[in-house]
Amino acid sequence: MSILVDEHTRLLVQGITGREGLFHATQMQEYGTNIVAGTTPGKGGQVVLGKVPVFDTVAQAVLETGADTSVIYVPAGGAPDAILEAVDAGIGTIFCITEHIPVLDMLKVVAEVDARGVRLIGPNCPGATSPGKAKVGIIPGSIHLPGDVGLVSRSGTLTYEVVQALTDAGIGQSTCVGIGGDPIAGTNFTDVLTLFREDPETHAIVLMGEIGGDAEERAAAWKAEHMPDVPMVAFIAGRSAPPGRRMGHAGAIISGSGGTAEAKIAALEAAGIRVADTPSQIPGMLREAGYRA
Amino acid sequence: MSILVDEHTRLLVQGITGREGLFHATQMQEYGTNIVAGTTPGKGGQVVLGKVPVFDTVAQAVLETGADTSVIYVPAGGAPDAILEAVDAGIGTIFCITEHIPVLDMLKVVAEVDARGVRLIGPNCPGATSPGKAKVGIIPGSIHLPGDVGLVSRSGTLTYEVVQALTDAGIGQSTCVGIGGDPIAGTNFTDVLTLFREDPETHAIVLMGEIGGDAEERAAAWKAEHMPDVPMVAFIAGRSAPPGRRMGHAGAIISGSGGTAEAKIAALEAAGIRVADTPSQIPGMLREAGYRA
Amino acid sequence: MKLQEYAAKELLVRAGLPVPPWSVADTPAEARSQAAAYLAAGADRVVIKAQVLVGGRGKAGGVKLAATADEAEAVAGAILGMDIKGITVRRVLVAPAADIVREYYLAAVLDRGARRIRIMGSAEGGVEIEQVAEEDPDAIVSLLAHPHLGLLDHQARQVAFAMGLGDRWKEAVPVIRGVFAAAIANDADLVEINPLAIVRSVEPDGTVSESIQALDAKVTLDDSALFRHPDLEALRDLSEEDPVDVEARGLGLSFIRLEGSIGCMVNGAGLAMATMDLVKRAGGEPANFLDIGGGAKADKVAAAMRLILSDASVQVILVNIFGGIARGDEVARGLLEARSQQTRDVPMVVRIVGTNADLAARILDESGVGIEAATSLDAAVERAVELARAAA
Amino acid sequence: MKLQEYAAKELLVRAGLPVPPWSVADTPAEARSQAAAYLAAGADRVVIKAQVLVGGRGKAGGVKLAATADEAEAVAGAILGMDIKGITVRRVLVAPAADIVREYYLAAVLDRGARRIRIMGSAEGGVEIEQVAEEDPDAIVSLLAHPHLGLLDHQARQVAFAMGLGDRWKEAVPVIRGVFAAAIANDADLVEINPLAIVRSVEPDGTVSESIQALDAKVTLDDSALFRHPDLEALRDLSEEDPVDVEARGLGLSFIRLEGSIGCMVNGAGLAMATMDLVKRAGGEPANFLDIGGGAKADKVAAAMRLILSDASVQVILVNIFGGIARGDEVARGLLEARSQQTRDVPMVVRIVGTNADLAARILDESGVGIEAATSLDAAVERAVELARAAA
């Protein structure tokens with residue numbers, strides 16, 4: 001098994017005829033992901049990637065192809081509506097890759113997404129890969145190895161770094177999930193940990209956090225309570241960040257006493273989770289935490 | 001038993017220091033209703049009706065008195081907010097007596113009320129009385145007789161007319177509920193029938209409908225399916241209304257083919273429900289339908 | 001409150017919707033000069049449309065084309081004063097006739113069951129939507145706007161594509177959103193454009209272009225929300241209303257004049273309708289619907305009584321009050337006040353029960369005025385019908 | 001984007017909030033004339049406040065009172081040019097000093113955990129709210145606005161009463177709603193008024209009145225939403241920003257200048273922070289934070305490189321690219337372009353993995369330019385630190 005995406009995923013790509021959408025749709029299809037449809041208003045009736053039908057609306061795409069998961073490559077101005085379009089059409093799991101969506105727009109979107117019981121990952125996230133089964137988003141497929149370590153991260157390329165480190169060490173992954181670094185996101189660390197706990201094929205966890213907010217602290221507390229025996233290693237980016245300066249992600253602001261790397265590391269260690277100093281330490285620390293591939 | 005209100009009700013009166021609020025609060029208290037608090041912003045700290053504390057906010061009132069039900073006598077401009085204030089404060093059952101609330105305001109309010117799992121009766125409704133236990137709203141207390149007939153009505157004074165007819169005929173009521181005649185209401189006929197079905201002390205039903213909308217038709221179908229054996233009599237006001245003219249209630253518009261008295265009567269009779277020509281026929285028809293007090 | 005087409009179009013324009021020019025004429029001469037202007041500006045023909053708040057004016061001969069100013073004047077003369085379903089036409093709309101390529105239907109309407117605003121669109125425009133709904137329901141696309149977020153962009157796109165406007169969806173989407181926006185901005189229960197049309201126009205230089213235009217409009221406003229749109233009250237067409245209705249509205253009474261001889265004064269709309277139903281069942285004809293409302297005071301009752309009596313065909317008055325918020329004694333005092341000012345001797349049957357009914361009975365009794373009292377609704381109705389028959 | 005006090009106050013005024021008059025001075029002479037005007041208009045004293053985007057300016061001596069124009073000029077002269085936590089004061093705000101009866105705290109702030117806008121109020125104003133939260137948490141009232149319906153009237157009343165503004169709640173409610181409205185209207189993550197104060201004023205005729213006034217303001221805008229507020233970009237205070245930061249923003253790069261000697265160019269904010277962390281851990285000091293973003297093209301990479309090199313203290317450049325959306329070959333080409341224009345000889349350690357990393361390696365290899373390649377992040381960091389040490 002795995003979480004969020006797998007070989008049964010019927011993927012819809014929203015914005016499939018755009019530059020980003022088409023490039024990544026190609027990559028996903030090459031990885032073996034089952035892309036059943038794409039949408040771009042006004043381009044309905046086209047076929048891309050050899051066999052993928054394009055629809056004007058998500059409702060039509062779902063009706064005709066049974067798509068159950070969508071990934072969004074729509075510019076920030078249209079992305080909130082694209083998420084809601086997927087919700088209204090009955091999509092159950094939505095990945096929003098788009099970055100720079102205004103926070104106030106996301107407040108409304110997540111309220112609606114939650115009310116409708118839909119899973120949204122992102123926005124501003126790299127997506128998720130269940131190695132050997134499906135990849136949805138923009139994580140390079142080549143760095144993965146199938147296995148039983150679940151990875152969840154707020155970052156993009158830092159995720160790749162760690163996946164590569166795991167794969168190089170011969171440690172495979174069940175699913176790697178990038179939840180995105182925006183201040184308002186559909187899915188947080190705890191949500192993903194909850195999914196991993198239910199997955200019988202995930203036997204260890206790697207969590208990649210960063211400064212800002214308190215999602216890592218909450219995840220640490222939840223892990224200690226709900227899955228105390230699962231080996232877990234974490235990493236927090238931003239130890240060297242000067243207080244009060246933004247580091248690209250809106251999420252990475254240190255405000256007041258909370259949200260510092262020190263506070264997060266302390267909370268994780270208090271929950272019995274080892275925190276690596278460098279990504280390259282993670283495979284070794286996983287084994288020290290009791291993980292056996 | 002009874003539905004919605006009874007001797008355990010801890011009632012809050014919103015707008016208790018206003019002319020209408022104070023008049024009806026007095027009537028309710030005299031009937032024996034347990035009024036635990038009132039609210040009027042800026043009048044916090046006062047005491048009315050001998051012992052009822054007034055608060056500035058519903059949140060304070062609930063915190064200090066444990067009110068679980070509220071009745072609203074706030075003018076139309078402030079009534080939507082008053083409903084939401086009760087919802088936010090954790091009130092479980094809200095009666096809104098206020099009339100002339102704009103429809104668009106109510107669309108937002110009912111969406112929120114539903115999302116929060118709160119019961120709203122009204123707006124523009126006369127309230128509910130469980131004879132001998134409690135009365136909430138504006139229905140005159142003197143016309144009731146405790147018993148086992150449940151009454152639900154879209155009208156105000158027409159409700160009183162029928163209650164009086166039942167009482168005069170020696171037929172007592174478990175609970176009489178006026179759901180209000182506005183186009184958008186918190187609770188519809190079917191909702192109240194569902195409550196009556198769960199009430200072991202309600203053994204027969206009287207439903208007072210009127211022209212406009214299709215709530216009576218839906219209630220008829222529901223009754224036929226879910227409580228076929230319960231004696232029930234209905235009345236539809238507006239048989240003589242000329243098509244296309246409003247008759248006071250915004251609800252009483254005949255639009256197109258639907259919503260006419262004929263269509264409603266046909267639907268009720270098709271569901272095995274007898275429809276009275278006059279309010280005074282109702283007690284006799286209840287007995288003919290198998291009701292025994 | 002229903003708006004005339006010309007007022008409805010004004011609201012569409014305010015919401016940014018494309019509506020061809022129009023003007024309103026109260027006389028054939030006005031219609032003539034307006035038509036002349038449109039024809040001079042390049043219109044092939046003009047359309048003259050009766051402004052009445054009932055459906056089916058086209059079939060009734062209330063919509064005609066004219067190719068010249070003379071013809072426009074003649075057509076307007078024929079339509080003005082025409083009776084359409086009991087309404088006298090007092091005003092016509094004049095507009096250049098559109099060169100219609102295709103007709104569509106588009107509306108935003110309050111869905112009471114769903115408790116949302118519903119957007120409906122169809123490629124089958126220009127006919128009654130009820131007929132389309134019956135004959136070809138699949139030809140209608142219909143969806144519910146979000147109660148908080150409104151009509152979302154993707155919903156507007158979905159409607160546009162389903163209406164068959166896919167090849168001009170970027171033009172259609174603002175129109176669809178505009179119809180919803182017009183409903184929200186004006187607290188309307190209904191904003192209907194039928195037909196919405198693709199219209200062909202030829203520029204002076206011979207260029208032919210096509211665009212979406214709203215050629216007709218129906219708008220119904222929520223009366224309870226008029227207080228926050230004081231400007232919309234000015235769009236009400238008083239010319240079509242009974243002056244008595246206008247006066248009643250001023251008094252805060254809900255009053256509708258009907259054809260019969262039994263004046264009815266009741267508190268509560270449901271009880272008022274039921275009272276009228278009983279009158280009819282007993283063989284009488286109600287002269288009006290009148291709900292005096294909840295907390296009616298004596299002066300309001302007296303004013304209501306004067307309204308009823310202003311109708312010469314009223315032969316008897318039936319008062320049915322079930323006191324709740326309304327108090328019987330207040331009503332009784334109002335009746336006596338009205339009676340004292342009454343110039344015409346009309347018998348009155350009064351039934352007052354509920355709050356302060358005893359006091360009311362005493363007041364009426366002690367007055368010595370010949371008011372017949374009844375305790376049951378059935379008896380009151382029966383007596384009123386009997387008196388009306390006697391007077392006829 | 002953080003706004004200076006004077007810009008934040010401008011947004012409050014636009015939202016209808018009561019703010020006493022103020023002006024902005026860049027020189028002591030300007031401050032003098034502004035102060036003179038306020039004093040002439042009846043102010044007892046004026047307050048001169050350093051305009052800097054860091055907290056604690058009061059304790060640092062950046063806020064002073066003056067009773068005369070001379071004194072105002074002297075005080076402004078002392079504050080202008082002052083260094084407050086590394087920021088040079090280039091501008092002061094001048095305002096009549098308020099006669100404060102009582103101070104409160106009021107803010108609308110994005111609550112990331114709750115995913116709502118939170119309204120916070122307190123009768124303990126004028127001090128840091130974090131201190132109140134720690135010492136007397138019950139003194140803070142805090143509630144979440146509805147994501148769709150916004151801050152409801154009853155919520156504003158609840159805040160007003162809980163803040164102890166019950167006896168003037170009708171005045172306080174619009175202020176509380178206004179703070180929320182200002183956050184929504186401007187896409188602000190934070191709108192903070194501290195202190196909000198009841199201020200006493202004396203009219204020329206001797207009448208004393210009290211009213212609620214916003215005496216200070218902090219506003220932080222959502223950078224992702226600036227595109228829909230083009231007017232707000234004008235409120236940005238460029239004088240306080242590093243010109244390099246300004247240039248980076250123009251290029252769409254996320255860049256922050258720091259104190260060290262190792263220039264960092266990384267794709268992705270998380271990886272960029274992690275790279276800096278590793279540099280520091282290895283004993284080096286990063287000279288900057290730089291995220292070149294997802295789809296960075298060669299010309300953007302070259303521009304980023306020029307930015308890094310514009311800092312004379314940079315002794316070595318560390319490039320760490322994990323290709324995903326970004327393609328290694330594009331980055332490599334950008335590096336070569338930058339190298340070709342480079343006037344200063346700074347060693348470069350480059351690690352490119354992921355999408356098109358092979359191609360990137362070949363491009364760099366074939367270029368013959370002395371760029372050190374590294375395959376592991378740890379090795380790259382170690383080498384960069386080593387080179388920086390050698391250069392020091």
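Letters go in sequence order (proteins before strands), and every chain restarts at 1.
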>> Does any backbone or side-chain atom of B/A185 lie under 4.5 Å from a heavy atom of chain C? Answer side chain, backbone, both or neither.
In response: backbone
Nearest 0.5 angstrom please: [X] [atom1] to [Y] [atom2], how far?
| X | Y | atom1 | atom2 | answer |
| --- | --- | --- | --- | --- |
| B/D214 | C/R112 | CG | CZ | 8.5 Å |
| B/S240 | C/L258 | OG | CG | 8.0 Å |
| B/E161 | C/L377 | CD | CG | 4.5 Å |

Segment of [X] engaging chain B (4.5 angstrom heavy-atom cut-off):
| X | result |
| --- | --- |
| C/N267 | both |
| C/A183 | backbone |
| C/R281 | side chain |
| C/L290 | neither |

> Can you tell which of B/I236, B/I184, B/I101, B/D168 has the highest number of heavy-atom pairs within less than 4.5 Å of chain C?
Replying inline: B/I184
>> So which residue, B/Q27, B/E99, B/Q164, ends up with the most heavy-atom pairs under 4.5 Å with chain C?
In response: B/Q164
> Mind checking what makes ring pair (Phe, Tyr, Trp, His ring centres under 6.0 Å) contact with B/H144, not counting sequence neighbours?
Replying inline: none
> Quick one: which residues of residues 274-283 of chain B reach chain C at under 4.5 angstrom, heavy atoms only?
Replying inline: B/D277, B/T278, B/P279, B/S280, B/Q281
> Does anything in residues 115-122 of chain B get under 4.5 Å of chain C by heavy atoms, and if so which residues?
Replying inline: none
> Of C/D222, C/I184, C/N186, C/L110, which meets side-chain contact (heavy atoms from CB on, under 4.5 Å) against B/L104?
Replying inline: C/I184
> Does atom CG of B/D114 have more than 12 heavy-atom neighbours, drawn from other residues, nucleotides or ligands, at distances under 6.0 Å?
Replying inline: yes
> What pair of heavy atoms forms the shortest contact from B/H100 to C/S224, and how long is it?
Replying inline: CA-OG, 3.4 Å
> Taking all non-hydrogen atoms of both residues, which atom of C/A274 and which atom of B/L158 are closest, and how far apart?
Replying inline: CB-CD1, 3.8 Å
>> Applying side-chain hydrogen bond (donor to acceptor under 3.5 Å, both in side chains), can you list everything that pairs with C/H148, at least two apart in sequence or on another chain?
In response: none
> If you count heavy-atom pairs under 4.5 Å between each of C/S376, C/G113, C/G323 and chain B, which one has the most?
Replying inline: C/G323
If you define the side chain from C-beta out and look only at heavy atoms, does anything of [X] sit under 4.5 Å from [Y]?
| X | Y | answer |
| --- | --- | --- |
| C/R228 | B/P102 | yes |
| B/I143 | C/F322 | yes |
| C/M273 | B/E210 | yes |

> Just by distance, do the side chain of C/R115 and the backbone of B/G186 share a donor-acceptor pair under 3.5 Å?
Replying inline: yes
